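Keep in mind it's a predicted model, so treat the numbers as computed, not measured. A note on names: the letters A, B, ... follow the listed sequences, proteins ahead of strands, and every chain is numbered from 1.
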Amino acid sequence: MAYWVLHVDLDQFLAAVEVLRRPELAGRPVVVGGKGDPTQRAVVATASYEARAFGVRSGMPLRTAAKRCPDAVFLPADNAHYEEVSEEVMATLRDRPGVVVEVMGWDEAFVGAETGDPEALAAAIRSDVLERTRLRCCVGIGDNMLRAKLATGFAKPGAGEGVYRLTAANWAEVMHHRDTRALWGIGAKTARKLAERGITTVGELAAADPAALAAELGPALGPWYVQLGRGIGRVVVEGTPWVPRSRSHETTFQENLTEWEDVRIEVAALARRVAAEIAGAGRPAVRVAVKVRFAPFSTSTRSATLDAPTTDAERFAAAALDVLERFPSRRAVRLLGVRAEFAPV
DNA sequence: TCTGGGGTCCTAGGACCC
DNA sequence: TCTGGGGTCCTAGGACCC
């Protein structure tokens, strides 16, 4: 018996959930996002594998998706429903005896367990989830969370057989030749910075000097990147419920707001909505942040610590409006956002 | 191809205090 | 008259992830 980390990731989650509700869509390219109207300002949340075959990807504007795949079925995102289905999946995972489940989002979770046969556990989880929710998932197996998460990528349809194991034993063989971008936590910007320093592969990153990277990329981030390259990560899956640090809402307007009075009205409305939710959760805000994306696409934020923690809608809205007035520009506005931050626990 | 919404964590500079 | 360090808080922005 040894401690293993499994990473469970549902296949094309939003699209799969929609196909369950409308079985006639099975086998068709399905694109979920925004209000389901490809002429609006919105992006793809999930594309089915059939739509991906046309080059449709998450994060792509719906308009672009429609050009690449004119025959796709466009559906609005129904977050409340996905939330419900996700709960059912997570409950299924938790029902397996002896496991600890750490939820990472609607469609993925880590499972920690003592077992002598992690592949058997992975297979059992896949059949549990399929039986109870009719959804398919892949499972990555690792000796820590980083390796389990990356293993899932090698288990996915088109890449693997549904289950894959990545540990210290095969890390170098599987990962060292890959681009640093393959790591969980290294995006395009960091990969470029590393490349400028002669580090392009995972193996090169693993061999880098943590102190040198600390000096160049930050005292915490630099050494952490080297750890990523070596496949080092948190080992123990935590089952304790997550305590959110903040709560926010933001809106992209279909037509830019050109009147500052309208901007004020929308910020107040967003603030009241956030306040109602944090009041419902019993979590007073200690800070408020306002985000403004001016046309065409330049974004800035301003924030302030509140005089006293509050859940009161009018006080929170007033604070948000005060922060809004600190923006020096009155140009046309594409997006507004309001965030409440909670006191550290 | 004109680029969503909801989050988390890190960094760096300045203020302020001792 | 000129100049220490350390510590903490606040704030804006960057980067990443789902």
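- Scanning residues 289-321 of chain A for heavy-atom distances under 4.0 Å to DNA chain B yields A/Arg293, A/Pro296, A/Phe297.
- Checking side-chain atoms of A/Arg330 against main-chain N and O of A/Phe327 turns up a donor-acceptor pair under 3.5 Å.
- Within the structure, the ring pair (Phe, Tyr, Trp, His ring centres under 6.0 Å) test picks out the following pairs touching residues 114-154 of chain A (sequence neighbours left out): A/Phe154-A/Tyr164.
- Dashed line: the shortest gap from a side-chain N or O of A/Lys67 to OP1 or OP2 of B/dC2 is under 4.0 Å.
- Proximity of a side-chain donor or acceptor of A/Arg230 to a complementary backbone N or O of A/Ala206 within less than 3.5 Å is detected.
- At a non-hydrogen distance threshold of 4.0 Å, A/Leu221 from residues 221-239 of chain A come into contact with DNA chain B.
- The interatomic distance linking A/Leu324 (CG) with C/dA12 (C1') rounds to 16 Å, in whole Å.
- Between A/Ile186 atom CD1 and C/dC17 atom P the separation is 9 Å, expressed in whole Å.
- In this model, the phosphate group of B/dG5 is not approached by any side-chain N or O of A/His249 to a distance below 4.0 Å at OP1 or OP2.
- Between C/dT11 and A/Arg326, no contact under 4.0 Å exists linking OP1 or OP2 to a side-chain N or O.
- Inter-residue side-chain proximity for A/Arg52 and A/Arg57 is flagged as met; some heavy-atom pair is nearer than 4.5 Å.
- For DNA chain B, the neighbouring residues in residues 204-220 of chain A, judged by any heavy atom under 4.0 Å, are A/Gly218, A/Pro219, A/Ala220.
- Among the nucleotides C/dA15, B/dT3, B/dG5, the one closest to any side-chain atom of A/Pro61 is B/dT3.
- Under the 4.0 Å criterion applied to side-chain N and carboxylate O atoms, A/Arg247 and A/Glu341 are not assigned as salt-bridge partners.
- Counting only Watson-Crick and G-U wobble pairs whose two distances sit under 3.5 Å, DNA chain B takes part in these stems of three or more pairs: B:5-18 with C:5-18.
- Note on A/Glu325 versus A/Arg264: salt bridge recorded, some NZ/NE/NH1/NH2 to OD/OE distance being below 4.0 Å.
- Looking at residues 38-49 of chain A, you'll see A/Ala42, A/Val43 sit with a heavy atom under 4.0 Å from some atom of DNA chain B.
- Inter-residue side-chain proximity for A/Val237 and A/Val111 is flagged as unmet; no heavy-atom pair is nearer than 4.5 Å.
- A salt bridge is absent between A/Lys193 and A/Glu216: the closest approach of a Lys/Arg side-chain nitrogen to an acidic carboxylate oxygen does not fall below 4.0 angstrom.
- One interatomic measurement links the two molecules: CG of A/Leu183 to C1' of C/dA15, which rounds to 15 Å at whole-angstrom precision.
- If you check every strand for non-hydrogen atoms under 4.0 Å, A/Thr251 touches sugar and phosphate atoms only.
- Summarising the geometry, the separation between CZ on A/Arg63 and C1' on B/dG4 is reported as 13 Å, rounded to the nearest angstrom.
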